[in-house]
Visitor: 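One structure, pasted below without further comment.
Count residues from 1 along the sequence. Here the structure is a predicted model, which means the values were calculated and not measured.
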Amino acid sequence: MGPLLKNYSKVITIHFRASKLTASLCPNPSSDNVSMIHPLAQQAAIKIYNINGIVVLTSKVSANAQQTRLNIQSLQKGIYFAVWQNGSD
């Protein structure tokens, strides 16, 4: 049996035109931890939604952080949406 190879999709960067914010989530796919690279946080939170629009994970972001690590081991395989909110942004 050959070495186990993992195929990852490319990192997706989302550009918000109205506020010119950029956030990246990687690696994708993942089964244990992902990192979100985001603008400087003040009173920020990250919410992960499943395909049905149900919040399955919420994480407060440390003040002045620009990267947040999320443990997603409890999530089943599937498609999820990450929402980053910083104060009123």
Visitor: Can you tell me how far the CD atom of Gln67 sits from the OG atom of Ser35, to the nearest 0.5 Å?
Guide: 4.5 Å

Visitor: Side-chain donor-acceptor contacts of residues 36-45 below 3.5 Å, not counting sequence neighbours, with atom names and distances?
Guide:
unit_1, atom_1, unit_2, atom_2, d
His38, NE2, Thr68, OG1, 2.8

Visitor: Output side-chain donor-acceptor pairs under 3.5 Å for residues 47-66, partner residues at least two apart or in another chain, one line each.
Guide:
unit_1, atom_1, unit_2, atom_2, d
Asn50, OD1, Asn52, N, 2.9
Asn50, OD1, Gly53, N, 3.2
Asn50, OD1, Ile54, N, 3.0

Visitor: With a cut-off of 6.0 Å (strictly less than), are more than 12 heavy atoms of other residues, nucleotides or ligands near CD of Gln76?
Guide: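 At most 12 heavy atoms, drawn from other residues, nucleotides or ligands, come within 6.0 Å of this atom.
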
Visitor: Could you tell me which non-hydrogen atom of Val34 sits nearest to which non-hydrogen atom of Pro27, and how far apart they are?
Guide: CG1-O, 3.6 Å

Visitor: Could you grab the distance from atom CG of Leu70 to atom CG of Leu75, nearest 0.5 Å is fine?
Guide: 9.5 Å

Visitor: Less than 4.5 Å apart, side chain to side chain, heavy atoms only: is that true for Val83 and Ile46?
Guide: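 No, every pair of side-chain atoms sits at 4.5 Å or beyond.
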
Visitor: Check the pair Ile72, Ser30 against side-chain contact (heavy atoms from CB on, under 4.5 Å), reporting the backbone distance first and the verdict last.
Guide: CA-CA 8 Å; Ile72 60 167; Ser30 181; 4.1 Å; yes

